[in-house]
Amino acid sequence: MTEPLIFELGAPGRKGYTLPAPDVPAEPLEEMIPARYLRRTPANLPEVSEPDVIRHFTHLSQMNYSIDSGFYPLGSCTMKYNPKVNEVAASLPGFRDIHPLQPESTVQGALRLMYELQELLGAIAGMDAFTLQPAAGAHGELTGLFIIQAYLRSKGEHRDEVIAPNSSHGTNPASAAMARAKLVTVGTDARGRVDIEELRRLVSDRTAALMLTNPNTLGLFEEDVEEMARIVHEAGGLMYYDGANLNAIMGKARPGDMGFDVVHLNLHKTFTTPHGGGGPGAGPVGVKEFLRPFLPVPIVERADAGYILQEDLPQTIGKVRSFYGNFAMLVRAYTYIREMGRQGLTQVSEDAVLAANYLRARLQDLYEAPFPGPNMHEVVLSARRQKAQGARALDIAKRLMDYGFHAPTIYFPLTVEEALMIEPTETENKGTLDAFIEAMRAIAGEAAENPEIVRGAPHDAPVSRLDEARAARQPDLRWRPAEEASA
Ligand SMILES: *Cc1c(COP(=O)(O)O)cnc(C)c1O
């Protein structure tokens with residue numbers, strides 16, 4: 001399973017096209033381009049035919065793993081299948097071929113889609129107004145914190161602390177740091193929920209916000225969320241909802257009803273816009289009415305003459321992204337929501353939760369479940385027992401590749417030793433879940449009897465164990481011609 005570089009393919013003179021010889025006399029190149037601009041030696045480019053190129057890149061794509069090629073239970077990432085009808089909608093010429101600087105009157109359809117998406121997300125999350133600008137969840141968090149800070153400033157309040165649970169996603173403390181807030185960490189109780197007594201002690205007149213995801217990163221519902229909202233609001237702080245886990249509760253519960261003032265949603269998780277590889281994504285931010293004046297501009301509004309880009313929000317935090325957000329992602333998410341409808345989205349959450357609990361029920365005899373269930377959309381197991389036998393969570397993740405599966409998220413949340421965080425999503429059928437369960441059970445057996453085979457995995461991948469830290473920081477991506485490489 002290796003593939004040569006494209007420079008190593010082909011042969012001198014081979015081309016990817018054939019054009020008929022021109023039937024008009026051509027001017028000599030030297031007369032069209034001044035001699036000093038002409039190359040003296042031809043560029044060192046691959047000389048390949050069209051099939052060479054297509055096969056090369058197809059082979060490369062097959063060395064990768066994607067949701068279109070198999071089960072991808074990467075916890076917290078909601079790697080559900082992305083329906084292809086979304087792509088059809090996003091490539092309609094009326095959406096694809098427009099320019100962000102066109103006059104509003106010529107892009108009414110696009111503006112209507114954005115307006116309706118704002119309304120739909122508002123209905124799903126229980127919020128009053130939305131901005132579609134932020135390009136990712138983390139970007140939404142930062143935007144939301146800016147909005148909260150602008151609101152507090154407008155009231156003459158100086159609150160510099162943001163509270164987040166110790167199980168929170170790494171972007172929460174990172175966003176707090178980028179917003180120049182002081183991070184205060186609240187612990188987790190024996191049931192895997194926020195330690196509410198500790199929260200009571202931590203809030204003060206310095207609290208700007210509590211950042212919370214519900215269900216939390218352990219896949220557990222925070223039943224005391226209303227009490228937490230009361231505690232934070234009574235202290236004068238605001239409630240920020242990290243909506244990356246919304247896939248668990250659509251049609252069942254709404255962050256707006258739980259007491260949250262600001263939310264971000266990950267369209268590239270819950271709403272089937274493709275993700276991975278760093279983007280593009282979309283992390284719209286919704287707010288309660290009293291925060292609307294602080295939203296980034298423009299937001300899309302409906303006026304008598306049609307849809308408009310409203311720039312006139314006197315207390316706006318300004319722009320957080322060029323133009324209006326990742327528009328093609330908005331088209332995909334809108335298509336998905338309209339296709340599913342209220343009932344469909346409710347079923348999505350029911351099936352996602354059912355799948356996670358099925359995995360838990362069929363794996364918890366072999367892998368420790370550190371907290372009591374039932375779970376929501378994902379389950380966090382621990383490979384502590386397997387570690388004692390000689391195979392760590394990392395080894396199990398690598399071994400899953402030999403069985404044809406993408407690995408779950410590992411070593412997150414940080415509060416669980418040897419964490420294996422599994423999020424099956426609703427788009428996988430029982431047969432796929434059963435095959436994954438069988439693989440996990442087989443690996444548990446290997447860990448007990450023959451841990452070397454797990455520690456040495458993957459055995460069938462193009463590359464085996466990389467130095468994870470060095471591979472991320474010094475990726476070896478550049479091809480050098482033979483003479484330069486030997487020099
Ligand atoms: C994915 C995720 C985020 C961040 O979203 P990005 O789009 O990757 O920036 C934040 N919180 C949780 C719980 C997440 O799963």
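All values derive from a computational prediction rather than experimental measurement. Read the numbers this way: they start at 1 and go in the same order the structure lists the ligands and their atoms.
Closest to atom 5 (O) of ligand 1 among all protein heavy atoms lies N266 ND2, 3.0 Å. Protein heavy atom nearest atom 2 (C) of ligand 1, with residue, atom name and distance: K269 NZ, 2.4 Å. Counting only heavy atoms of the protein, atom 6 (P) of ligand 1 lies nearest to G137 N, 3.5 Å. If you check which protein heavy atom lies closest to atom 11 (N) of ligand 1, you get D242 OD2, 2.5 Å. Of all protein heavy atoms, the one closest to atom 9 (O) of ligand 1 is A138 N, 2.8 Å.
Ring centroid separation for the pair Y241 and H264 does not come in under the 6.0 Å cut-off. A centroid separation of less than 6.0 Å is found between the aromatic rings of Y72 and Y65.
Atom numbering of ligand 1 starts at 1 in the shown order; those under 4.0 Å from a heavy atom of A244 are 2 (C), 11 (N), 12 (C), 13 (C), 14 (C), 15 (O). Taking every non-hydrogen atom of T171 and a distance limit under 4.0 Å, the qualifying atoms of ligand 1 come out as 3 (C), 4 (C), 10 (C), 11 (N). Ligand 1 places these atoms under 4.0 Å from at least one heavy atom of A136: 7 (O), 9 (O).
Looking at residues two or more places apart in sequence or on another chain, you find a side chain to side chain donor-acceptor pair (under 3.5 Å) between N166 and T188. The side chain to side chain donor-acceptor pair (under 3.5 Å) test applied to T273 returns no partner, not counting sequence neighbours.
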Go through E116 and R302 one step at a time and tell me if the salt bridge (charged side-chain N to carboxylate O under 4.0 Å, His left out) criterion holds.
CA-CA 10 Å; E116 290 186 3; R302 192 153 69 177; 6.0 Å; no
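Within the 4.0 Å heavy-atom shell around ligand 1 one does not find H275.
Once rounded to the nearest 0.5 Å, the distance linking CZ of R455 with CD1 of I396 reads 12.0 Å.
Residue-to-ligand polar distances place S76 within reach of ligand 1: an N/O pair is separated by less than 3.5 Å. Where the criterion is an N or O separation shorter than 3.5 Å, residue side chain and backbone included, H268 meets it with respect to ligand 1.
For the residue pair T432 and N429, a side-chain donor N or O sits within less than 3.5 Å of a side-chain acceptor on the partner. With 3.5 Å as the limit, one finds a donor-acceptor pair spanning the side chains of R321 and N326.
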